[in-house]
> 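Quick one: the structure is below, and I'll ask about it shortly.
To find a chain, count down the sequence lines: A is the first, B the second, and so on, and within it residues start at 1. The structure displayed is predicted, hence computed values, not measured ones.
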Amino acid sequence: MVPALRAASNVLVHVPDLVRYGSKPWRENSGGDAALAGALSRRLRSFAEAVAYPPNQVFIGNMAPGDLGEGPSPWYENPVPEASAKGAFGEILPQEDFYPLLEAADQFGLLLFGPDAPSGADAASAAAASLLEGSGPGKTGPGKRGREEEILGRIESGEALPLHRGGDLIGCVRRDHEADESLDARILLENLAAKASGAYALRHLLLQEEIAPEEIEYVISCSEEAVGDRYNRGGGNLAKAIAEMAGCAGAAGVDVKSFCAAPVYALVHAAALIRAGVVKNAVVVGGGSLAKLGMKAYFHIEKEMPVLEDVLGGIAFLLGSEGGGAPRVNLEITGHHGAGRPSTPQVMAEALVRDPLERAGRKICDIDKYAVELHNPEVTLPAGAGDVAATNYRTIAAMAVMKGEIAREEIPAFIESKGMPGFAPTQGHIPAGVPYLGHALVGMRAGDLRSTMVLAKGSLFLGRMSQQADGASVVVEV
Amino acid sequence: MFKGKKVIALGERDGVPGPAIAECMEAAGAEVVFQKTECFV
Amino acid sequence: MDLENQAAIKKIADEVGADNLVVVLGMPGEGLRLAAETLTTGDPSWAGPLAGVSLGLPVYHILEERVRNHVPEDIYAEKLQMMEMVLDLPRIESDLAELRAAG
C-alpha cells in the first residue's frame with residue numbers, strides 16, 4: 001500500500017495556572033523568590049488573549065503561516081479581531097476544561113479536586129466533552145470530590161502539589177511513592193498533562209475526520225515525557241495510554257523518541273508500517289510538554305511582555321493508504337543523520353535535505369515548502385535564543401547555494417518562497433515541522449501546493465549520552 | 001593567537017556546535033578544556 | 001546562558017585562572033551578545049552562578065575573521081564554510097566589537 005497523510009490536527013491547551021510547574025519557573029520559585037512568582041502571575045494571559053494571539057490562530061488553522069509575516073508586530077500587541085477558539089484543523093481548550101481531562105486521564109487517584117473544581121459539563125469542545133463521556137476501567141473520573149481539609153492535608157504533608165484557578169486552590173496532585181523520584185508529584189503531573197493533551201489531540205482528529213476510534217490500528221506517540229517508575233524511568237508507552245483514553249480500544253501503541261526529531265521519525269515509521277502491510281492505518285500523536293511552560297518567562301517579564309509560554313501543544317496525524325487526493329508520505333525521500341557523522345548544521349543539512357533529494361533525482365528547489373522547526377520567534381528572540389526557523393531556512397538556502405542551484409544573492413528570495421515564520425509554541429517536539437502539515441493538506445486540496453519536506457532536529461547532547469544531535473526528514477507530496 | 005591557550009568552546013546546535021569549535025581550535029594550536037553545545041529550545 | 005554551563009565555566013576560570021583562558025562561541029544570533037556579556041561582565045539575567053561575577057574572559061566567535069583565519073583550510077571547509085552564509089558575520093563582528101569597546 002502507498003502510505004498517505006489523511007488528516008492532521010493541532011490543538012493548544014491554555015494552562016496559565018500550570019505555568020508555575022514548568023521546569024524553569026518551578027526551579028526559580030522553589031528558591032523562594034516571592035517577587036518573581038508575583039511577577040509571573042501578573043504577566044499571565046487570559047484565555048481570550050491566548051485565543052486571539054496570531055501565532056495560535058495560525059497553529060489551529062484559522063490563518064496561514066504567511067499571514068504572520070504580513071500582519072503587524074509584535075503579535076502579542078496585535079490580537080486577531082473576533083478570533084475563534086475553533087480552527088480549520090484544531091482548537092484551543094481553556095484550563096477550565098482541561099482540569100477534568102487531567103482527572104479523566106488519572107486512573108490511580110493521583111489527583112484530588114475540591115467541590116469547586118470544574119466538571120467539564122459545559123465544555124465547548126466536542127472533543128473534550130466526548131473524552132469526558134467515555135470512562136475507562138479504574139477511572140476515578142470527574143465528579144468524585146475531596147474535602148478541602150483532605151486537599152490541604154495532602155499539600156501540607158509534602159506529598160502533593162496544589163492546583164489553582166487564579167488565586168484559588170481547587171485541588172492537588174500527589175506523588176505515588178515516597179522514595180521514587182520518577183513518581184514524584186510534579187513528574188506525574190507532567191506525564192498526565194502529556195497523556196490528556198495527547199488524547200485530546202487524537203480525539204479531535206477522529207471527530208474532525210468522522211472516524212470511529214475503534215478503527216485505528218496503531219498509535220505512535222512522539223511525546224517527550226519519561227513515563228516509568230525508578231526501575232524503568234522512560235520505559236514509556238504513553239502511546240497506549242493515550243490510545244486507551246481516546247477510545248482506540250483495538251490499537252497497539254508504541255513510543256518513538258529522539259527529542260524534537262521524534263515526530264518526523266514517527267511519521268516515517270507509521271508510513272513504513274502501512275507500506276509493509278502490517279497495518280492499514282496509524283496515528284502519530286504528541287502530547288504537550290508541561291516542563292517547557294514558562295521556559296523563557298523571565299525574559300518576557302523583564303521586557304514587559306506577557307508570558308507567552310502558557311499553552312500545551314497537542315498534535316495528531318492520521319496515516320492511511322493513498323486515495324481521495326490524500327498526499328503520499330514519500331518514503332523514497334527520507335533523510336537520516338548517521339551516528340558517526342559530525343553534528344554540524346552543514347552535515348545535518350546534507351543528511352536531511354541534500355542527500356535524500358539527490359538519491360531521488362530531485363533538487364532542493366524542487367520542494368515547494370520546507371517545514372523546519374517552527375518555533376515562534378516572538379518567544380525565543382527576547383531570550384537570546386535566536387529565530388530557530390529563520391536560521392534553519394538560511395542553512396537550507398546555503399546548501400542550495402553550495403550545490404549551485406541558486407546564487408548567493410538569491411538566498412532571501414529562496415527563504416521567502418520556500419519558508420515561513422515560526423508559529424508553534426516552544427514545546428520541544430511540537431514545533432518539529434509537523435504543525436505545518438495541516439496547512440499543507442489545505443494547500444494540496446486547493447491545488448496550491450505540491451510538495452513539502454518536513455524536517456526536525458533533536459538535541460541528543462542534552463541527555464549527556466552523546467555529543468551528537470540527531471535529525472530526520474521526509475517528503476509529503478501529491 | 002591561540003597557540004598554548006586554554007579554550008572553552010561553547011557552541012549551539014543551529015550555529016557551530018561545541019565539538020566543531022573544539023576541532024577548529026585544536027587545529028589552531030589551543031588546548032580545549034571545556035566544550036559544550038547549547039540548545040535554547 | 002545555560003546555568004550548568006555558567007557553573008562549569010566559573011569553576012574552570014577559578015582553577016585555571018583567567019590569564020591563559022579564552023572563550024570561543026558558536027551561537028547563530030541573538031544568543032551571542034548574551035553569552036559574551038555573561039562571560040565578561042556577568043549574567044545580565046541575574047539567574048545563574050555568574051550573576052554579579054565579572055570573569056573578564058576574552059570572548060570570540062569562531063566565525064570572526066581574526067579567529068577563523070587561524071583554522072587550517074581543510075578543517076575550515078568541512079566545519080565552517082557553509083555557516084558563513086547562514087550566520088550574520090557583520091553583526092557578529094559588530095556585536096563583539098561593541099562589547100569589547102564597552103568593556
> Please determine whether side chain to side chain contact (heavy atoms under 4.5 Å, CB included) holds for the pair V264(A) and L455(A), giving the CA-CA distance in whole Å, both sets of side-chain angles, and the decisive distance to 0.1 Å.
CA-CA 7 Å; V264(A) 180; L455(A) 64 152; 5.8 Å; no
> Can you say whether T344(A) sits under 4.5 Å from chain C via the side chain, the backbone, both, or neither, judging by heavy atoms?
side chain
> Can a donor-acceptor pair be found between the side chains of Y53(A) and N78(A) at a distance below 3.5 Å?
no
> Answer with side chain, backbone, both or neither: which region of E37(C) has an atom nearer than 4.5 Å to a non-hydrogen atom of chain A?
neither
> Quick check on L3(C) against chain A: is it the side chain, the backbone, both or neither that has a heavy atom closer than 4.5 Å?
side chain
> Between V347(A) and chain C, with a heavy-atom cut-off of 4.5 Å, which part of the residue counts as in contact: side chain, backbone, both or neither?
neither
> At a heavy-atom separation under 4.5 Å, does D387(A) approach chain C through its side chain, its backbone, both, or neither?
backbone
> Would you call R27(A) and E4(C) a salt bridge, taking side-chain N to carboxylate O under 4.0 Å as the test?
yes
> Any ion pair linking R359(A) and D355(A) (charged N to carboxylate O, less than 4.0 Å)?
no
> So which residues of residues 294-303 of chain A are in contact with chain C at a heavy-atom cut-off of under 4.5 Å?
F299(A), E302(A)
> Is it the side chain or the backbone of A383(A) that comes within 4.5 Å of chain C heavy atoms, both, or neither?
backbone
> Under 4.0 Å between a Lys/Arg side-chain N and an Asp/Glu carboxylate O for R362(A) and D366(A)?
no
> Against T426(A), only a single residue in K292(A), E309(A), E373(A), H375(A) fulfils side-chain hydrogen bond (donor to acceptor under 3.5 Å, both in side chains); can you say which?
E309(A)
> Should the pair E64(C)-R68(C) be classified as a salt bridge under the 4.0 Å nitrogen-to-oxygen rule?
no
